[in-house]
Amino acid sequence: MNSRTQVWPAILAAIASVAQLSQAADDPAVLKDLMAVIALQGQPCGQVVSATKQGDNDYIAMCQDGTRYHVFINEGRVVVQKL
């Protein structure tokens, strides 16, 4: 079998997994949860309009005013860092 034909299934699997991650991050429930976490940390945001999942419990959230926050868990605590 040609080495190029062996690589294509791996490439397609990687593309499918990235597509699933981006769909999960734009789930309205996730956006609402991120908005609540940012507000509870006392950061101004208004509404989270999009989010990018970086890993387990690790997101970059974009607010309607253009502000971005890194929301993640560190040693069991939720951390919100303005980017």
Going only through I, L, V, M, F, W and Y residues with side-chain contacts under 4.5 Å, is there a path from I60 to I38?
no

Same cluster for V37 and V30 if Ile/Leu/Val/Met/Phe/Trp/Tyr side chains link at under 4.5 Å?
yes

Heavy atoms of other groups near D65 CG, more than 12 under 6.0 Å
yes

Other ILVMFWY residues reachable from F72 by side-chain steps of under 4.5 Å:
V79

Strictly by disulfide bond (SG atoms under 2.5 Å apart), give each pair with a member in residues 40-83 just once, sequence neighbours left out.
C45-C63

If you look at every heavy atom in A61 and L34, which pair is closest and at what distance?
CB-CD1, 4.3 Å

With sequence neighbours excluded, give me every side-chain hydrogen bond (donor to acceptor under 3.5 Å, both in side chains) pair touching residues 28-43.
none

For residues 69-78, which residue pairs pass the side-chain hydrogen bond (donor to acceptor under 3.5 Å, both in side chains) check, not counting sequence neighbours?
D58-H70

From M62 CE over to T67 OG1, what is the distance, rounded to the nearest 0.5 angstrom?
8.5 Å

